[in-house]
Amino acid sequence: MTGSDVRELREAPKLAPLYAKALLPHSGGGGLPDTEYVRAGVEFDPAHVAAYNQVCGFRLGDELPVTYPHMLAFPLQMALMTQPDFPFPLLGMVHVANRITQHRPVRLTDTGTVRVRAENLRPHEKGRQFDVISEYTTADGPIWTEVSTYLRRGGGEGGGKREQLAAPAPKAIWRVPGDIGRRYAEVSGDRNPIHLHPLTARLFGFPSAIAHGMWTKARVLAAFEGRLPEAYTVDVKFKLPVLLPAKVAFTSWQTGDGWAFELWAAKKPKPHLEGTITPPGATPNPR
């Protein structure tokens, strides 16, 4: 990353101080910082991978779920987004989309380097949005890349009323327990109060705790285990939050060279998530 401020870390940043930092007043403003966080020599803890797999519904194996490297990148993302020169405060940002490309499976025996940076600040109809780019690289080169898109509400022009789609016929109905936010927080370190308890969620305008978006993505991908190629891109857009506890409806269909999927509220026509699984570089087929 030419001309950037590269900050090499020997260990993952501690998340508790970063959450405390996020609560402090934040002036922000300006553009995205030209900073890249780098952590080399990253290895995997089999016990932690097993705990993650259990919470998200994956089977145990030597190959990691495509969403697991997010666990490595998340502390670096937090460090980046709580910098004093970051243009937006962390609290109040909305994770609206997430795209992961896996060039080959990440294995328990891999040792690699994690890199995180922010780029592409741009307008959105409800405010401004930007991407946080995370990469996992081994001796084979970059084997895993994530693009997390965040929205900062305010200052946008607003959007027109969108067409309400009818919920599709589900292929599965899943019960999401009320404590899944706390359980996922335990393995991910993502202890945003909106996920932990109804009382803390109400402080931020939610009637109950909500499931993590990355948990819903992982839970959906667990339903595809055994059917995915070694290399693919999984791209999701997060819609309405899953209020806990919940009953959700999952559906999927083949799109020629890949899959498309959706997650809806089981009782009401409210979408939670939509996404596609395609070969790397392919253009997803919309619904």
Side-chain angles (χ1 to χ4, degrees), residues 1 4-28 30-49 51-52 55-56 64-65 67-95 98 100 106 108 110-121 130-138 142-150 152 181-196 200 204 212-215 217-218:
M1 190 175 170
S4 65
D5 173 15
V6 178
R7 303 186 184 183
E8 297 186 5
L9 306 176
R10 292 187 177 182
E11 59 183 23
K14 303 297 184 183
L15 289 171
L18 293 177
Y19 274 112
K21 188 177 178 181
L23 296 173
L24 298 175
H26 182 88
S27 55
L32 295 170
D34 191 20
T35 305
E36 181 179 56
Y37 281 91
V38 179
R39 183 178 167 225
V42 176
E43 298 179 340
F44 298 104
D45 177 0
H48 186 262
V49 174
Y52 175 87
V55 169
C56 297
L64 276 60
T67 48
Y68 183 84
H70 178 80
M71 301 295 98
L72 307 179
F74 181 70
L76 279 68
Q77 294 175 357
M78 284 283 293
L80 175 69
M81 292 190 286
T82 53
Q83 285 191 116
D85 60 347
F86 204 80
F88 312 112
L90 181 64
L91 294 180
M93 284 195 291
V94 183
H95 193 184
N98 180 273
I100 295 173
V106 182
L108 274 172
D110 282 329
T111 300
T113 297
V114 180
R115 298 176 179 272
V116 170
R117 65 186 185 273
E119 61 183 39
N120 197 17
L121 179 61
F130 61 93
D131 299 326
V132 176
I133 313 298
S134 305
E135 296 175 336
Y136 180 71
T137 304
T138 68
I143 61 173
W144 182 93
T145 303
E146 176 188 64
V147 181
S148 292
T149 302
Y150 289 90
R152 177 62 181 177
R182 293 188 292 276
R183 290 169 55 198
Y184 184 79
E186 193 65 28
V187 297
S188 69
D190 185 353
R191 290 183 170 84
N192 188 319
I194 63 176
H195 303 301
L196 303 181
T200 54
F204 295 89
H212 295 73
M214 289 303 294
W215 177 85
K217 180 172 183 173

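One-based numbering along the sequence shown. We use all heavy atoms of the structure for the numbers below, so side chains are in, but hydrogens, waters and symmetry mates are not.
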When rounded to the nearest 0.5 angstrom, what is the spacing between [atom1] in [X] and [atom2] in [Y]?
{"X": "L90", "Y": "N192", "atom1": "CG", "atom2": "CG", "value": "7.5 Å"}
{"X": "F130", "Y": "R152", "atom1": "CZ", "atom2": "CZ", "value": "9.5 Å"}
{"X": "M78", "Y": "Y19", "atom1": "CE", "atom2": "OH", "value": "4.5 Å"}
{"X": "L196", "Y": "E186", "atom1": "CG", "atom2": "CD", "value": "10.0 Å"}
{"X": "H95", "Y": "S148", "atom1": "NE2", "atom2": "OG", "value": "3.5 Å"}
{"X": "T113", "Y": "L72", "atom1": "OG1", "atom2": "CG", "value": "11.0 Å"}

Intermediate values then yes/no, side-chain contact (heavy atoms from CB on, under 4.5 Å), Q77 and S134:
CA-CA 8 Å; Q77 294 175 357; S134 305; 2.9 Å; yes
Please say which of D110, T137, V114 ends up in a side chain to side chain contact (heavy atoms under 4.5 Å, CB included) with V42.
V114
Residue among V94, N98, V132 satisfying side chain to side chain contact (heavy atoms under 4.5 Å, CB included) with Y150
V132
I'd like to know if the side chain of H212 reaches the main chain of D190, judged simply by a donor and an acceptor atom lying under 3.5 Å from each other, with no hydrogens or angles considered.
yes
Is the side chain of Y136 donor-acceptor paired with the backbone N or O of G112 at a distance under 3.5 Å, no angle test?
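Flag set: sc Y136 to bb G112 pair under 3.5 Å.
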Do you know which of E8, E36, E135 makes salt bridge (charged side-chain N to carboxylate O under 4.0 Å, His left out) with R115?
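Looking at E8, E36, E135, the match for R115 under the salt bridge (charged side-chain N to carboxylate O under 4.0 Å, His left out) is E36.
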Which pair of non-hydrogen atoms, one from [X] and one from [Y], has the smallest distance, and what is that distance?
{"X": "M214", "Y": "Y184", "result": "CB-OH, 3.5 Å"}
{"X": "P33", "Y": "L80", "result": "CG-CD1, 4.3 Å"}
{"X": "P69", "Y": "V106", "result": "CG-CG2, 4.1 Å"}
{"X": "P84", "Y": "K21", "result": "CD-NZ, 4.1 Å"}
{"X": "A218", "Y": "T67", "result": "CB-OG1, 3.6 Å"}
{"X": "T200", "Y": "P193", "result": "OG1-O, 2.7 Å"}

Would you say that [X] contacts [Y] through its side chain, given a criterion of any heavy-atom pair below 4.5 Å between the two side chains?
{"X": "L64", "Y": "L108", "value": "yes"}
{"X": "F74", "Y": "L15", "value": "yes"}
{"X": "C56", "Y": "K217", "value": "no"}

Just checking F44 against Y52, ring centres under 6.0 Å apart?
no
Just checking Y68 against H48, ring centres under 6.0 Å apart?
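That pair passes the under 6.0 Å test.
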With side-chain contact (heavy atoms from CB on, under 4.5 Å) as the test, would you mind laying out the steps for R183 and W215 before giving the verdict?
CA-CA 10 Å; R183 290 169 55 198; W215 177 85; over 6 Å; no
